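Lettering of chains follows the sequences in order, A, B, ..., and the numbering in each one begins at 1. Owing to the predicted nature of the structure, the values given are computational and were not obtained by experimental measurement.
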There are 2 protein chains.
Amino acid sequence: MVVPVQKDRKHTTSLSSSLARRIEQLILDGTLKSGKPMPSERQLSERLGVSRNILREALKELRGRGVIDTQHGRGSIVKGLVPNLEQGSALTHLFREHPRTLYDLLEVRELLEGRAAYLAADRGTEEDFHRITHAFEAMEQAGQESTDPLKAAKLDHAFHQTISEASHNPVLVHTLQSLMELMLNSVLASVNNLYHREASKKKIDRHHRQIYNAVMSRQADWAQKAATAHIRNVRERLLEIEQEEQRLDRSSDWERLLQ
Amino acid sequence: MVVPVQKDRKHTTSLSSSLARRIEQLILDGTLKSGKPMPSERQLSERLGVSRNILREALKELRGRGVIDTQHGRGSIVKGLVPNLEQGSALTHLFREHPRTLYDLLEVRELLEGRAAYLAADRGTEEDFHRITHAFEAMEQAGQESTDPLKAAKLDHAFHQTISEASHNPVLVHTLQSLMELMLNSVLASVNNLYHREASKKKIDRHHRQIYNAVMSRQADWAQKAATAHIRNVRERLLEIEQEEQRLDRSSDWERLLQ
DNA sequence: TAATTTGAAGTGGTAGTACCAGTTCAAAAG
DNA sequence: CTTTTGAACTGGTACTACCACTTCAAATTA
């Protein structure tokens, strides 16, 4: 009697499903950037070596999970692997009601940004570095031309994000992004204060240059130190501003009492 | 000039998606009974008046949502319409399909746990310390009495959580908790492996004692080092286990070839 | 007869082609 | 310079042919 061949797997994980995973992997690797458009179905199917039908089934799976967004005639864009984690719930409320937690957030961010910069210097690819350079130059240029604080904040955010993405750690990227969204959505105003002060702005620019140079020259330890110092500086500046505002509040209280 | 017909909707809800809904409706109506097999793809595509490709895309959507279960050569059966809302399905999926990201998570957790331990030793109150002691003793006691890995993992988690709470940084607490939930919900199995190995368990216990002693004696730097080393050890152990399993897989491949 | 083997017919899975339907953008027409 | 047009993208749908797996009854064998 012939011994029956051991049945390998119950679910031979249909090609389309494994394709979906391969594409997710491409997003993890950074080959497909979130927010950027994907190659067309015909290109993808050819590059991945599968028929367009099966490629479409894989995309359907990703689309159903919210990983990509597709529009007829235009194409598909990557929306990110983690559509909506715990956004809007507990932390957002906490943040709005207790602005002091901003400093707790910056305490965490200091850790994560430092690590991200370290890993970016260590693992970043040439393509990552191009992106970082692009973001950095856009930030510097805008800093000299315009004085729009909102634009500056966005470019600042973009710069830090490209660095975190160069770390190739999706958990790190996602965690940092969540924290940044919290900051930008709830306490943008106070952050903007930083850009109104020439001294603060100079220091921030200097820190950014240090981070940039350290990462680009692959000096991981230096990059980590620079990024950590940067965030710590931001936190201390915000604390100073808060104290000033409190002094102003007190003086206005006095004025009110004297009326 | 001819007035163009007003375009109805931006998203004309692609035929495949509306097909998925029609099929769900058939399940609701009772035409397709849950638990029973569905008609073959060829029959369905003809009866619903669509091509088999597009019918397959619709099925893919249902399959991805867990509404139906499909097996090659047999057919598809209806599993019911219960959404089965396991929380965090997005990141949870990411971990199930891309186990490597577990190490990315542990990389972040190493940072955060280290900082949490540092801050706990630095800022923890007497009440915090009582809680930590309580959790620590419960963990040690259970470690000697029972061998239930699930219980051990929960007590382990509880211990780390009391420490993070003693940091008095709500952002840190919340971020760590999110990451832990991810681990417990998606890769609990592999984590449990650690508790099955006597050597690993001994080392984990030793690390826990070090963390505990450092925090209780308010030696912040020591606490941070111990916590960091602890998580790093967990990551390395998991890597070893993974490599062992790969070796086992390879050997079973050999056996299959030799038959 | 009873156990085994075989193979046709069913199933889902994959590939390829052709065509339809929106979108874009630059060249051509006004 | 503004408007119109249309080629060249994009995704959406259809159809066909074939492959891989499963089932099960008929044919073969012991």
Return whichever of R56(A) or N53(A) has its heavy-atom-nearest nucleotide of DNA chain D closer to the 5' end. R56(A)
State, to 0.1 Å, how close A121(A) and R218(A) come at their nearest heavy-atom pair, and which atoms those are. O-NH1, 3.0 Å
By nearest-heavy-atom nucleotide on DNA chain D, the more 5' of V50(B) and R42(A) is R42(A)
Begin from the C-alpha positions of R65(A) and E24(A) and carry the test salt bridge (charged side-chain N to carboxylate O under 4.0 Å, His left out) through to its verdict. CA-CA 11 Å; R65(A) 206 177 303 138; E24(A) 283 180 332; 2.6 Å; yes
Correct closest heavy-atom pair for A142(A) and L155(A) would be CB-CD1, 3.3 Å
Using OP1 and OP2 only, check whether a side-chain N or O of S40(B) sits under 4.0 Å from dT11(C). yes
Is the distance from OP1 or OP2 of dT23(D) to the nearest side-chain N or O of R74(B) less than 4.0 Å? yes
Of the nucleotides dT10(D), dG12(C), dG12(D), which one has an atom closest to the side chain of R52(B)? dG12(C)
Salt bridge (charged side-chain N to carboxylate O under 4.0 Å, His left out) between R232(B) and E107(B), worked out: CA-CA 8 Å; R232(B) 188 182 304 134; E107(B) 197 171 60; over 6 Å; no
dT10(D) P sits how many Å from L44(A) CG, rounded? 11 Å
Atom-to-atom span, CD of E46(B) to P of dG10(C) - whole angstrom: 14 Å
Give the rounded distance in Å between these two atoms: CG of L59(B) and P of dG13(C). 9 Å
Tell me whether the OP1 or OP2 atom of dC9(D) has a side-chain N or O from Q43(A) closer than 4.0 Å. no
Looking at H208(A) versus F159(A), is the centre-to-centre ring distance below 6.0 Å? yes
Check whether any side-chain nitrogen or oxygen of Q71(B) sits under 4.0 Å from OP1 or OP2 of dG13(C), and answer yes or no. no
I need the CG-P distance between L15(A) and dC19(D), as an integer number of Å. 17 Å
Of the nucleotides dA21(C), dC21(D), dA15(C), which has the atom closest to the S51(A) side chain? dA15(C)
Specify the separation, in whole Å, of atom CD1 of I77(A) and atom C1' of dT23(C). 15 Å
Between dC21(D), dA15(C), dA21(C), which one does the side chain of I54(A) approach most closely? dA15(C)
Grab the CD-C1' distance between E41(B) and dT16(D) for me, whole Å please. 15 Å
Starting at atom CE of M38(B), determine the distance to atom P of dT11(C), rounded to an integer number of angstrom. 13 Å
Taking donor-acceptor contacts at under 3.5 Å, does the side chain of H72(B) reach the base of dG12(C)? yes
Atom pair distance, as rounded to whole Å: CD in E57(A) and P in dG16(C): 15 Å
